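The block underneath contains the structure these notes are about, expressed in structure tokens.
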There are 2 protein chains.
Amino acid sequence: MAEPKGSAPVFAALGDENRLRLVSRLCAAGPMSITRLTAGSNVTRQAITKHLHVMEEAGLVRGARHGRESVWQLDRRRLQDARHHLDLISKQWDDALARLRKFVED
Amino acid sequence: MAEPKGSAPVFAALGDENRLRLVSRLCAAGPMSITRLTAGSNVTRQAITKHLHVMEEAGLVRGARHGRESVWQLDRRRLQDARHHLDLISKQWDDALARLRKFVED
DNA sequence: TTCATATGCAACCTCCTGGTTGCAGGATAG
DNA sequence: CTATCCTGCAACCAGGAGGTTGCATATGAA
């Protein structure tokens, strides 16, 4: 019902160690080029590129060409959507517990 | 650094429409048997079973045998871990923005 | 111009995933 | 006891994910 309906791709995009690390780095150090992201990772530049595109597809990140390098940065909105979704689930859960308690106590 | 290091599997487990729906239903209607979960879904019972096991592996859900049926319910902890992880990222992001602003203004 | 750097594109490979079907077995209702 | 219901297990399949290599191309530096 209160299902944002598009959260699954975001979670899927976050469901990979390398991608989660990319998010972390982009978050902590700000926008970065692909080669800089590749340095400090144990996979190929193309792997990084693919991950970035996956996350871009999910709306987590966006990149722009600056001269001869393409710089990527976080896009916070979908991240907050995901957070909101988890909050909804938690709240729903609490309500269910409350109802159950009331039902048992009566 | 502040990397919980085990969040990726949780996000991966949430990164599927069917699984997200299962979470929603278990959350809203409480513990349920596999067949009841299968009814109201457009996939096979075995598919549901597999999804449940994936989520169990991620710590999102747990099941117990009751008589001849196995009843599954949410486990909230990992869900909150994931929420916390997203919060951390958001906070880190805010800090980065603040630092950037300060740097630009000076 | 010429060379080095940063990226993009495409092919290829392996393994996992989501899904199915078929069958066997344990628990219950009559 | 027997039929029925709920589940588990195993095999199987198509497609996608993550990763690599090789080559082509654009941009910046000397």
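Just so you know, these numbers come straight off a predicted model, no measurement behind them. By convention in this document, chain letters (A, B, ...) are assigned in the order of the sequence lines, proteins followed by strands, and residues within each chain are numbered from 1.
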Margin query: Minimum heavy-atom separation for Ala28(B) and Ala96(A), please, with both atom names.
Written below: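 Smallest heavy-atom distance, with atoms named: O-CB, 4.4 Å.
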
Next item on the list: Nearest-nucleotide wise, let me know which of Gly67(A) and Lys50(A) is further upstream toward the 5' end of DNA chain D.
Entry: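 Result: Lys50(A).
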
Margin query: Heavy-atom nearest nucleotide on DNA chain D for His66(A) versus Arg45(A): which residue maps closer to 5'?
Written below: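 This one resolves to Arg45(A).
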
Checklist line | Closest to side chain of Val54(A), choosing from dG18(D), dG19(D), dT20(C) | finding: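 Selected nucleotide: dG18(D).
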
Margin query: Looking at Ser33(A), I'd like to know whether one of its side-chain N or O atoms comes within less than 4.0 Å of OP1 or OP2 on dT7(C).
Written below: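 Checking dT7(C) against Ser33(A), a side-chain N or O does come within under 4.0 Å of OP1 or OP2.
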
Margin query: Please confirm whether the shortest side-chain N or O distance from Asn18(B) to OP1 or OP2 of dG19(C) is below 4.0 Å.
Written below: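 True: Asn18(B) side-chain N/O within range (under 4.0 Å) of dG19(C) OP1/OP2.
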
Quick one: does [X] reach the base of [N] with a side-chain donor-acceptor pair under 3.5 Å?
X        : N       : result
Glu69(A) : dG28(D) : no
Arg68(A) : dG8(C)  : no
Gln46(A) : dG22(D) : yes

Using a 4.0 Å heavy-atom cut-off across all strands, classify [X] as base, sugar-phosphate, or nothing.
X        : answer
Arg65(A) : sugar-phosphate
Arg19(B) : sugar-phosphate
Thr35(B) : sugar-phosphate

Margin query: Below 30° counts as parallel, above 60° as perpendicular, anything between as tilted: where do the rings of His85(B) and Phe11(B) land?
Written below: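 His85(B) and Phe11(B): tilted rings.
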
Just how far, in rounded Å, is [atom2] of [N] from [atom1] of [X]?
X        : N       : atom1 : atom2 : answer
Asp16(B) : dG16(D) : CG    : P     : 14 Å
Glu56(A) : dG8(C)  : CD    : C1'   : 14 Å
Arg21(A) : dG19(D) : CZ    : P     : 10 Å
Leu14(B) : dG18(C) : CG    : P     : 12 Å
Met32(B) : dT7(D)  : CE    : C1'   : 17 Å
Asn42(A) : dG19(D) : CG    : P     : 8 Å
His53(A) : dG19(D) : NE2   : P     : 15 Å
His51(B) : dC16(C) : NE2   : C1'   : 14 Å

Next item on the list: Before accepting this row, confirm whether a basic side-chain N of the pair Asp94(B)/Arg76(A) lies closer than 4.0 Å to the acidic partner's carboxylate O.
Entry: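 Salt bridge flag = yes for Arg76(A) with Asp94(B).
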
Note to self: Check this for me: does any side-chain nitrogen of one of Asp87(A) and Arg83(A) sit under 4.0 Å from a carboxylate oxygen of the other?
What the structure shows: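 No.
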
Item checked: Main-chain N/O of Val43(A) paired to Ser41(A) side chain as donor or acceptor, under 3.5 Å ->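 Here the side-chain-to-backbone pair exists.
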
